[in-house]
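Take a look at the structure below.
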Amino acid sequence: MASMKGKPLQMGFYNGSTPDIAVSLLGKVLLHIVDGNILSGRIVETEAYLSQGDPACHAARGMTPRNRPMFGPPGRAYVYFIYGNHFCFNITTAPEGVGEAVLIRALEPVSGREEMSARRNTSDGRLLCSGPGRLCQALGIDRSCNQADLSSGSLLLLDDGCIYDDIVAVPRIGIKTAADLPLRFYPAGNQFVSRRT
DNA sequence: TGGCAGATTTTA
DNA sequence: AAAATCTGCCAA
């Protein structure tokens with residue numbers, strides 16, 4: 001069916017540096033099948049979190065029960081609960097033993113808009129998936145998705161050939177340390193990013 | 001546009 | 001105990 005068009009990203013996709021992968025993820029489709037519904041969106045905003053020189057990274061102070069997935073193999077989900085209300089979805093990168101990941105901050109809705117609107121309690125397309133907590137609510141991503149292999153199963157990353165050029169690199173959102181590193185990426189002018197500043 | 005409450009987990 | 005990779009609502 002058209003909404004599932006595209007090939008799942010394989011291990012080889014995760015070979016480069018984490019910032020490079022964060023850029024390469026722009027345009028890919030994140031898809032979640034829940035209760036037979038296909039919920040998906042195109043990735044339009046990412047942030048890289050690094051193991052070296054990046055105190056804002058959850059893994060900066062070594063492995064803990066929460067950040068353990070970051071130290072696992074690449075291409076898996078790292079989902080955590082934050083601020084008492086929200087989930088954040090990350091994609092693990094770097095070889096096993098190295099704690100790095102890419103936070104997905106915004107999607108452009110692709111399929112399952114009606115179901116996503118119901119989950120988000122809004123029909124405003126811009127408010128559906130523009131923000132790390134919002135996209136998790138829209139796609140039904142929660143703790144049960146943690147560590148999922150994103151190349152197979154009900155939570156998938158797909159390549160349908162979409163390429164963005166003119167990618168912007170700017171400082172990340174909501175962090176207090178390493179706040180100057182330009183590790184946040186999005187296509188210039190994209191209307192679905194969480195903030196345009 | 002800006003400030004703040006909300007509500008829970010994790011870590012120090 | 002304090003901070004946390006946030007969001008929605010409300011007042012100006």
Side-chain angles (χ1 to χ4, degrees), chain A residues 17-23 25-26 28 30 39 41 43-72 74-94 98-109 116-148 150 155 157 167-186 190-197:
Chain A
S17 72
T18 294
D20 285 350
I21 294 167
V23 170
L25 281 167
L26 296 171
K28 303 299 185 286
L30 177 64
L39 309 177
I43 297 172
V44 296
E45 183 181 352
T46 60
E47 286 181 357
Y49 286 85
L50 311 179
S51 58
Q52 299 296 319
D54 184 8
C57 179
H58 281 180
R61 269 153 278 162
M63 200 185 329
T64 66
R66 177 177 67 163
N67 69 23
R68 170 182 290 279
M70 295 183 83
F71 292 86
R76 305 284 184 89
Y78 167 44
V79 179
Y80 61 87
F81 191 63
I82 192 69
Y83 293 125
N85 288 299
H86 313 286
F87 292 103
C88 287
F89 171 75
N90 299 252
I91 298 164
T92 63
T93 59
V98 180
E100 307 202 340
V102 173
L103 170 68
I104 305 304
R105 288 196 54 92
L107 308 175
E108 174 180 349
M116 292 195 278
S117 294
R119 289 172 177 273
R120 289 275 305 124
N121 199 33
T122 177
S123 52
D124 185 332
R126 299 258 186 97
L127 296 179
L128 243 35
C129 302
S130 295
R134 289 168 175 169
L135 71 90
C136 283
Q137 187 180 21
L139 296 209
I141 293 172
D142 60 22
R143 247 183 283 277
S144 70
C145 301
N146 199 23
Q147 291 185 284
L150 300 172
L155 185 59
L157 272 176
I167 303 301
V168 186
V170 296
R172 296 169 294 182
I173 305 280
I175 57 173
K176 301 219 161 105
T177 56
D180 52 332
L181 299 179
L183 293 174
R184 174 179 176 235
F185 308 98
Y186 60 88
N190 188 281
Q191 296 302 296
F192 291 90
V193 301
S194 61
R195 297 195 212 177
R196 246 147 300 166
T197 50

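Quick note on labels: first sequence line is chain A, next is B, and so on, each numbered from 1.
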Quiz item: Can you list the residues that meet the side chain to side chain contact (heavy atoms under 4.5 Å, CB included) rule with A:Pro55, with sequence neighbours excluded?
Solution: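 For A:Pro55 the side chain to side chain contact (heavy atoms under 4.5 Å, CB included) partners, ignoring immediate neighbours, are A:Thr177, A:Ala178.
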Practice problem: Report the residues that fulfil side chain to side chain contact (heavy atoms under 4.5 Å, CB included) with A:Pro19, sequence neighbours left out, ordered by chain and then residue number. | Solution: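 For A:Pro19, the residues satisfying side chain to side chain contact (heavy atoms under 4.5 Å, CB included) (neighbours in sequence not counted) are A:Ser17, A:Ala48, A:Leu50, A:Leu183, A:Phe185.
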Quiz prompt | Interface limits on DNA chain B, where chain A has a heavy atom under 4.0 Å of a nucleotide atom | solution =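 Counting from the 5' end, contacts occupy B:dG6 to B:dT11.
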Practice problem: Report yes if some heavy atom in the side chain of A:Glu47 is under 4.5 Å from a heavy atom in the side chain of A:Pro132; otherwise report no. | Solution: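 No - every pair of side-chain heavy atoms lies 4.5 Å or more apart.
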Self-check item: Working for side-chain contact (heavy atoms from CB on, under 4.5 Å), residues A:Leu150 and A:Leu155
Solution: CA-CA 6 Å; A:Leu150 300 172; A:Leu155 185 59; 3.7 Å; yes
Quiz item: Paired stems touching DNA chain C, three or more consecutive Watson-Crick or G-U pairs with both distances under 3.5 Å?
Solution: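 Output for stems: B:1-6 with C:6-11, B:8-11 with C:1-4.
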Quiz prompt | Gap between atoms CD1 and C1', on A:Ile173 and C:dA4 respectively (whole Å) | solution =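 So the CD1-C1' distance, A:Ile173 to C:dA4, works out to 16 Å.
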Quiz item: For A:Ile82 and C:dA3, what is the distance between atoms CD1 and C1' respectively, to the nearest whole Å?
Solution: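 My rounded result for the distance is 8 Å.
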Quiz item: With a non-hydrogen cut-off below 4.0 angstrom, is A:Leu103 in contact with a base, only sugar-phosphate, or nothing?
Solution: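 Base, at least one base heavy atom under 4.0 Å.
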Practice problem: Under 4.0 Å between any heavy atoms, over every strand shown, what does A:Arg172 touch: base, sugar-phosphate, or nothing? Just pick one. | Solution: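 No contact.
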Show the atom names and distances, to 0.1 Å, of all donor-acceptor pairs under 3.5 Å that link a side chain in residues 76-92 of chain A to residues at least two apart or in another chain.
residue	atom	partner	partner atom	Å
A:Tyr78	OH	A:His58	ND1	2.8
A:Asn85	ND2	A:Tyr83	O	3.2
A:Asn90	ND2	A:Tyr78	O	3.2
A:Thr92	OG1	A:Pro73	O	2.8
A:Thr92	OG1	A:Gly75	N	3.3
A:Thr92	OG1	A:Arg76	N	3.0
A:Thr92	OG1	A:Arg76	O	3.4

Self-check item: Inter- and intrachain pairs under salt bridge (charged side-chain N to carboxylate O under 4.0 Å, His left out), touching residues 50-68 of chain A, at least two apart
Solution: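 Every pair satisfying salt bridge (charged side-chain N to carboxylate O under 4.0 Å, His left out) with a residue in residues 50-68 of chain A: A:Asp54-A:Arg172.
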Self-check item: Pair listing, salt bridge (charged side-chain N to carboxylate O under 4.0 Å, His left out) test, anchored in residues 119-139 of chain A, at least two apart
Solution: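 Of all non-adjacent pairs touching residues 119-139 of chain A, those that pass salt bridge (charged side-chain N to carboxylate O under 4.0 Å, His left out) are A:Glu115-A:Arg119.
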Quiz item: From A:Leu128 CG over to A:Asn121 CG, what is the distance, rounded to the nearest 0.5 angstrom?
Solution: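 Answer rounded to 0.5 Å: 11.0 Å.
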Self-check item: Counterpart residues, salt bridge (charged side-chain N to carboxylate O under 4.0 Å, His left out), relative to A:Glu100 (two or more places apart)
Solution: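 A:Glu100 satisfies salt bridge (charged side-chain N to carboxylate O under 4.0 Å, His left out) with no other residue.
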Quiz item: Taking all non-hydrogen atoms of both residues, which atom of A:Ala138 and which atom of A:Cys129 are closest, and how far apart?
Solution: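 In terms of heavy atoms, the two residues are closest at CB-SG, 3.8 Å.
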Quiz prompt | Stretch residues 43-51 of chain A: residues that reach within less than 4.0 Å of DNA chain C through a heavy atom | solution =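 Those residues whose heavy atoms fall under 4.0 Å from DNA chain C, taken from residues 43-51 of chain A in numerical order, are A:Tyr49.
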In residues 101-108 of chain A, what donor-acceptor pairs under 3.5 Å come from side-chain atoms, sequence neighbours left out?
residue	atom	partner	partner atom	Å
A:Arg105	NE	A:Glu45	OE2	2.9
A:Arg105	NE	A:Ser194	OG	3.4
A:Arg105	NH2	A:Ser194	OG	3.1

Practice problem: Given side-chain contact (heavy atoms from CB on, under 4.5 Å), test A:Asn190 with A:Leu26 step by step and report yes or no. | Solution: CA-CA 11 Å; A:Asn190 188 281; A:Leu26 296 171; over 6 Å; no
Please tabulate the protein-to-nucleotide N/O contacts below 3.5 Å involving nucleotides 7-11 of chain C, giving atom names and distances.
residue	atom	partner	partner atom	Å
C:dT7	OP1	A:Pro132	N	3.1
C:dT7	OP1	A:Gly133	N	2.7
C:dT7	OP1	A:Arg134	N	3.1
C:dT7	O4'	A:His86	NE2	3.1
C:dG8	OP1	A:Arg120	NH1	2.8
C:dG8	OP1	A:Arg120	NH2	2.9
C:dG8	OP2	A:Arg134	NE	2.7
C:dG8	OP2	A:Arg134	NH2	2.7

Exercise. Determine, stepwise, if the pair A:Ile43 / A:Leu157 fulfils side-chain contact (heavy atoms from CB on, under 4.5 Å).
Key: CA-CA 10 Å; A:Ile43 297 172; A:Leu157 272 176; 3.8 Å; yes
